[in-house]
Amino acid sequence: MQFLKTLFWALLVGVIVAFALNNMTMVPLKLWGTLYADVNLPLLLLVTFLAGFLPTFVALRLTRWRMRQRLFAADRTVPLAKPVEPQPVTGVVA
């Protein structure tokens, strides 16, 4: 199974590198006013991908970390909890 995983990632990297090499063109990027920057297309795509991916990835990691901390805190408090003894029912049921 590890071989298939490695093969998949190697093929994906190969496709990305082939795409980058075949599309190595300069793209004019208007920054503000009359200021332009010439950027390679693969670099621009990488930057835009990371701009969308990284905030989501960080939010996921923080959520998982917070949930793990809550779970560990709950696990620490469970042995300290005292069992509740059932109370006998008193009264007449009509």
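The structure presented is a predicted model; accordingly, all values stated were derived computationally and were not measured. In this chain, residues are counted from 1 in sequence order.
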Run the side-chain contact (heavy atoms from CB on, under 4.5 Å) test on Met1 and Lys5 for me, step by step, so that the C-alpha distance in whole Å, both residues' side-chain angles and the decisive distance to 0.1 Å come before the verdict. CA-CA 6 Å; Met1 192 55 111; Lys5 184 178 175 183; 6.0 Å; no
Atom CH2 in Trp9, atom CD1 in Ile16: separation rounded to 0.5 Å? 8.0 Å
With the side chain counted from C-beta on, respond yes when Arg66 and Arg70 share a heavy-atom pair under 4.5 Å apart, and no when they do not. no
Pairwise distance CG(Asn40) to OG1(Thr25) - rounded to 0.5 angstrom: 7.5 Å
Phe57 side, atom CZ; Leu60 side, atom CG - distance, nearest 0.5 Å: 7.0 Å
Where do Met26 and Val39 land on the side-chain contact (heavy atoms from CB on, under 4.5 Å) test, with the steps shown first? CA-CA 5 Å; Met26 299 301 278; Val39 181; 6.0 Å; no
The reported gap from CG in Leu7 to CG in Leu12 (rounded to nearest 0.5 angstrom) is 11.0 Å
When hydrophobic residues are tied together by side-chain contacts of less than 4.5 Å, even through go-betweens, does Leu35 share a cluster with Leu29? yes
Co-membership, hydrophobic cluster, residues Phe8 and Val15, 4.5 Å side-chain: no
Residues passing the ring-ring contact (aromatic ring centres under 6.0 Å, His included) test with Tyr36, sequence neighbours excluded, are none
Using the rule that Ile, Leu, Val, Met, Phe, Trp and Tyr join whenever any side-chain heavy atoms are under 4.5 Å apart, tell me whether Val17 and Leu41 fall into a single cluster. no
Atom pair CG (Leu54) and CZ (Phe49), whose distance is rounded to the nearest 0.5 Å: 8.0 Å
With a 4.5 Å cut-off on side-chain heavy-atom distances among I, L, V, M, F, W and Y, is there a chain of contacts connecting Leu62 to Leu71? no
If every non-hydrogen atom of Val27 is compared with every non-hydrogen atom of Leu44, which pair is closest and at what distance? CG1-CD2, 4.4 Å
Checking Val47, Leu46, Thr48 against Leu50 for side-chain contact (heavy atoms from CB on, under 4.5 Å), the one that qualifies is Leu46
Nearest atoms (heavy-atom pairs only) where Ala20 meets Pro42: O-CG, 3.5 Å
Between OG1 on residue Thr56 and CZ on residue Arg61, distance to nearest 0.5 Å: 13.0 Å
